Amino acid sequence: MLERLKILSELPGISGREGAVRKYLMQEVKAMGLDPSVDAMGNVTVHKPGKGKRVLLCAHMDEKGLLAAGIREDGLLCYRNNGLDPRVLVSKRVQVGPDRLAGVIGAKANHLQSQAERESVLGHDQLFVDIGAKNKESAAHHVKVGDGIAFATKFGTLGEDTVKGKALEGRIGCAVLLDLLTEAYDCDLFIVFTTMAHIGQRGIQAAAWNVKPELVISIEGVEAEEAAAADGAARGVSLGEGPVLCDMDRNNIAPKKLLHGLQQAAGGKVQHGACKTGTDAGMAALALTGCYGVAAALPCRRIYTPCEMASISDIYGMREMLHAFLKERRYDEVNV
Amino acid sequence: MNLVEVLNELITAPGVSGNEGGVADIVEEYFRKYTDDVWRDNLGSVFCRIGSGKPTLLLMAHMDEIGMIVQYIEENGTLRLAAVGGVDPRTLPGSEVLVHGKKVCPGVIGVQPEEQNAANASYAYKMGDLVCDLGMDADQVREVVTVGDFVTFDNVPLLALQDGYVSGKTMDDRAMVAGLFETLELLSRVKLNCTVIFAVSVQEERGCLGAGPATRQIMPDLAIAADVGHAPMPGARPEDVVDGEKLDFETGGNVHPGMFSILTETAEALGIDYEVEAAMAHTGTDAWTIQNQIGGVPTGVLCLPLRYMHTSVETLSLQTLHKAARLLAEVAIRLDDTWEEKLCWND
């Protein structure tokens with residue numbers, strides 16, 4: 001699972017430009033002898049028919065990133081972004097467009113900065129992507145307006161139980177779901193890899209319409225704040241303490257029975273938390289005539305930065321919880 | 001010379017000012033490919049000599065890099081860091097680093113979430129706001145990390161960009177260290193009418209400290225400091241930067257006019273484009289220290305234009321680096337017993 005996570009983490013796939021991730025997932029799913037389909041929103045859906053409840057498990061393919069918006073006379077690229085803190089962009093490597101062209105985001109040398117400049121944030125309008133092109137003409141050979149730009153962080157491990165990399169908050173879910181596809185369950189199972197979660201959970205809305213699930217679980221990332229307190233007291237959810245059951249997100253309050261079922265499936269090793277953002281499951285729960293939905297989240301430190309961190313034991317904990325939930329038919333306990 | 005290969009070896013070796021041992025070994029190894037006359041001084045600078053007789057030309061580039069040092073270990077195992085040299089803390093959030101403790105530990109720089117929440121989005125982080133997170137529990141951290149351990153940017157290899165540009169950490173000044181290797185290679189094929197001493201100095205980023213003892217030991221007749229300058233980048237004024245395709249010669253009090261002429265005339269003879277940068281006093285290079293040693297050394301400054309200096313994505317043109325190496329070789333080739341006339345003051 002971690003080998004797949006490495007590949008998934010390093011692939012570029014900003015919202016609406018998930019092609020490279022989609023291609024990899026299709027290839028892996030087909031290699032399992034399954035038949036994935038792609039809908040009009042770019043979601044990848046894998047159906048494993050069964051006699052039980054229609055269950056939809058999903059994770060999002062997209063990551064927060066940049067979209068090339070123009071080429072300047074000096075060959076630098078300006079960009080649009082979907083909610084990244086500009087303070088984490090400076091001095092980073094990026095990959096541009098479908099050909100994954102190398103680029104960097106620099107900043108004026110500090111030798112040339114005034115005191116006032118040193119004390120102010122470099123905003124998105126002051127930052128540019130540099131692909132080394134001498135001028136606009138040269139850059140235009142390589143880059144088009146509308147190309148996606150993702151971080152180029154390498155995946156790796158830190159210490160004994162920590163992985164680091166970009167886009168972990170979404171791609172861990174993709175890796176877990178790929179792994180669950182190798183198992184057999186009784187329910188009528190739909191595994192969906194969604195698009196455009198970071199621009200308002202767009203993909204899942206179409207997927208929910210197509211699948212018409214009775215129960216939805218989405219795998220997400222949630223900000224871990226364990227390093228918060230200087231006195232060492234934990235705040236919020238922590239790495240290594242198990243997957244997080246989101247009691248609540250921006251759109252959804254999870255049903256108690258569903259939370260209970262997942263908690264039982266995990267053998268109690270879960271954390272509870274609220275997700276500040278929307279989630280795919282929360283959005284799907286409101287689709288059609290409504291259904292049961294909950295987001296199960298991986299605690300991520302430094303979420304939405306070029307280098308997120310997550311716990312390996314949490315990743316396996318997530319996998320085991322979802323596996324047990326389906327295997328033990330705990331979805332049957334969730335009824336109107 | 002395959003500069004990509006050389007640069008990759010140089011930039012991935014650790015050498016924060018005062019801890020240059022890692023990169024010094026590589027420098028010594030390269031020098032020994034061309035001559036056995038290689039040595040180090042007590043501070044750790046590495047030297048080699050080719051040619052013989054008067055004059056003695058000193059070519060100097062520095063091998064130390066800006067970085068950080070562990071200042072305090074928090075109860076939760078995250079590290080508080082202090083800057084060594086001119087680190088811009090605004091480049092650090094989300095950056096990967098290596099902590100050189102009992103073993104080398106990768107880490108990520110971030111903000112304590114509590115502080116992140118407290119600070120508004122228009123607050124520019126300072127060194128004291130940042131922590132280094134090793135992803136290990138506090139006891140493990142204390143086993144391998146000690147206050148005073150040095151910290152480098154992650155040692156990722158060079159990134160090839162378009163149009164012959166490359167990007168990486170510590171191109172300041174490992175790029176010109178690589179340039180000196182190429183100059184040495186070019187000069188090893190010709191007979192010189194002078195002595196050339198290549199010096200790769202320590203502690204430039206701490207105030208050009210290594211250059212003093214080096215110059216007093218070598219007693220050069222003339223010297224050139226080879227360092228990096230600023231290429232155009234967003235927010236920089238045109239008068240502060242030089243086109244990345246050209247060489248940058250500094251002029252002003254820190255540069256001897258005769259050495260300046262030698263550099264510009266040689267560039268013109270070779271058909272190499274250059275621009276002149278005016279520095280009121282300090283050129284920000286080892287030349288500042290070399291110039292006033294041993295009764296005064298006529299000193300020139302050659303800079304390689306570089307974008308985003310002191311970040312982990314320092315970017316430059318490989319062609320321009322080749323030009324710099326060729327120029328320094330040609331300066332040495334042209335030196336003969338007329339050197340003193342060239343350094344007369346034309347007042």
Side-chain angles (χ1 to χ4, degrees), chain A residues 74-76 85 87-93 101-113 117-122 126-128 130-134 138-139 142 152-154 156-162 164 223 225-232 235-236 239 301-302 305-307 309, chain B residues 74-76 78 86-88 90-96 105-108 110 112-114 117 121-126 131 133-138 140 156 159-167 230 232-237 240-241 244-245 284 306-315 317:
Chain A
D74 59 7
L76 297 178
D85 185 338
R87 291 174 293 186
V88 304
L89 296 182
V90 186
S91 190
K92 302 300 182 309
R93 292 179 173 195
L101 203 66
V104 298
I105 301 175
K108 185 163 81 164
N110 65 346
H111 316 67
L112 302 179
Q113 294 166 10
E117 284 176 312
R118 288 195 180 113
E119 286 170 7
S120 60
V121 170
L122 285 161
Q126 291 163 287
L127 296 173
F128 303 92
D130 186 342
I131 58 161
K134 280 180 193 169
S138 171
H142 306 290
T153 315
K154 296 278 178 232
T157 52
L158 298 172
E160 283 158 14
D161 186 46
T162 312
K164 62 100 184 167
E223 185 175 16
E225 298 182 320
E226 67 185 305
D231 61 5
R235 272 174 38 141
L239 260 60
R301 249 184 244 164
R302 325 223 183 278
T305 70
C307 198
M309 291 161 80
Chain B
E74 294 278 359
E75 204 168 322
N76 63 15
T78 57
V87 176
D88 181 354
R90 299 184 304 165
T91 67
L92 294 177
S95 287
E96 295 182 62
C105 305
V108 181
Q112 296 280 32
E114 178 178 79
N117 294 342
S122 63
Y123 175 75
Y125 294 124
K126 299 187 174 57
V131 291
D133 186 343
L134 301 181
M136 303 195 283
D137 64 46
Q140 284 177 313
V156 287
L159 188 66
L161 302 176
Q162 305 307 308
D163 294 346
Y165 279 75
V166 290
S167 177
H230 300 295
M233 59 198 138
R237 301 183 304 171
D240 291 337
V241 298
E245 307 286 306
L306 174 82
R307 301 206 275 266
Y308 323 129
M309 199 186 290
H310 287 194
T311 72
S312 56
V313 295
E314 296 178 330
T315 300
S317 156

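In what follows, every chain begins at residue 1, and chains take the letters A, B, ... in the order their sequences are listed. Side chains included, hydrogens not; waters and symmetry mates left out as well; all remaining heavy atoms used. Every value quoted in this text rests on a predicted model; they were computed, and no experiment measured them.
The main-chain N or O of B:H310 is never found under 3.5 Å from a side-chain atom of A:N110 such that the two would form a donor-acceptor pair. Between the A:R87 side chain and the B:Y123 main chain, a donor and an acceptor come within less than 3.5 Å of each other.
B:H230 contributes atom NE2, which lies 5.0 Å from atom NE2 of A:H111 (distance to the nearest 0.5 angstrom). Between atom CG of residue B:D88 and atom NZ of residue A:K108 there is a gap of 11.0 Å, rounded to the nearest 0.5 Å. To the nearest 0.5 Å, atom CG of residue A:D161 and atom CG of residue B:D137 are 10.0 Å apart.
For B:R307, the part lying near chain A is the side chain, with the backbone staying farther off; criterion is any non-hydrogen pair under 4.5 Å. Interface residue B:A160: only backbone heavy atoms are found under 4.5 Å from chain A. Heavy atoms of B:T315 lying under 4.5 Å from chain A belong exclusively to its side chain. With a threshold of 4.5 angstrom between heavy atoms, B:L159 approaches chain A through its backbone and through its side chain. In this structure, chain A has a heavy atom under 4.5 Å from the backbone of B:V87, while its side chain stays farther away. If you measure heavy-atom distances from A:L76 to chain B, the contacts under 4.5 Å come from the side chain alone.
The greatest number of non-hydrogen atom pairs below 4.5 Å with chain B, out of A:M309, A:E117, A:E160, is found for A:M309. Interface summary for chain A: among B:E314, B:M233, B:M136, the most heavy-atom pairs under 4.5 angstrom belong to B:M233. Between chain B and the residues A:T162, A:L89, A:V104, the largest count of heavy-atom pairs under 4.5 Å involves A:V104. In terms of heavy-atom pairs under 4.5 angstrom with chain A, the leader among B:S95, B:G244, B:P234 is B:P234. No other option in A:K154, A:Q113, A:E119, A:Q126 has as many heavy-atom pairs under 4.5 Å with chain B as A:Q113. The residue among A:G103, A:A102, A:G132 with the most heavy atom pairs within less than 4.5 Å of chain B is A:G132. Between chain B and the options A:G159, A:G106, A:A139, A:P306, the largest number of non-hydrogen pairs under 4.5 Å is found for A:G106. Chosen from B:L306, B:D240, B:V108, the residue pairing most often with chain A at heavy-atom distances under 4.5 Å is B:V108.
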Point to revise | Verdict with supporting geometry, B:E96 and A:K164, salt bridge (Lys or Arg N to Asp or Glu O under 4.0 Å) | key: CA-CA 10 Å; B:E96 295 182 62; A:K164 62 100 184 167; 2.4 Å; yes
Review point. What do the steps show when you test B:R237 against A:L112 for side-chain contact (heavy atoms from CB on, under 4.5 Å), and what is the final call?
Key: CA-CA 9 Å; B:R237 301 183 304 171; A:L112 302 179; over 6 Å; no
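Taking each heavy atom of B:T311 and A:S91 in turn, the nearest pair found is CB-OG, 3.4 Å. The two residues A:C307 and B:G94 come nearest to each other via the heavy atoms CB-O, 4.0 Å. Closest of all the heavy-atom pairs between B:V131 and A:R302 is CG2-NH2, 4.1 Å.
Residues A:V90 and B:R90 have side chains not in contact (no heavy-atom distance under 4.5 Å, counting atoms from C-beta outward).
For the residue pair B:Y308 / A:D130, a side-chain donor-acceptor distance below 3.5 Å is found, with atom types taken as modelled.
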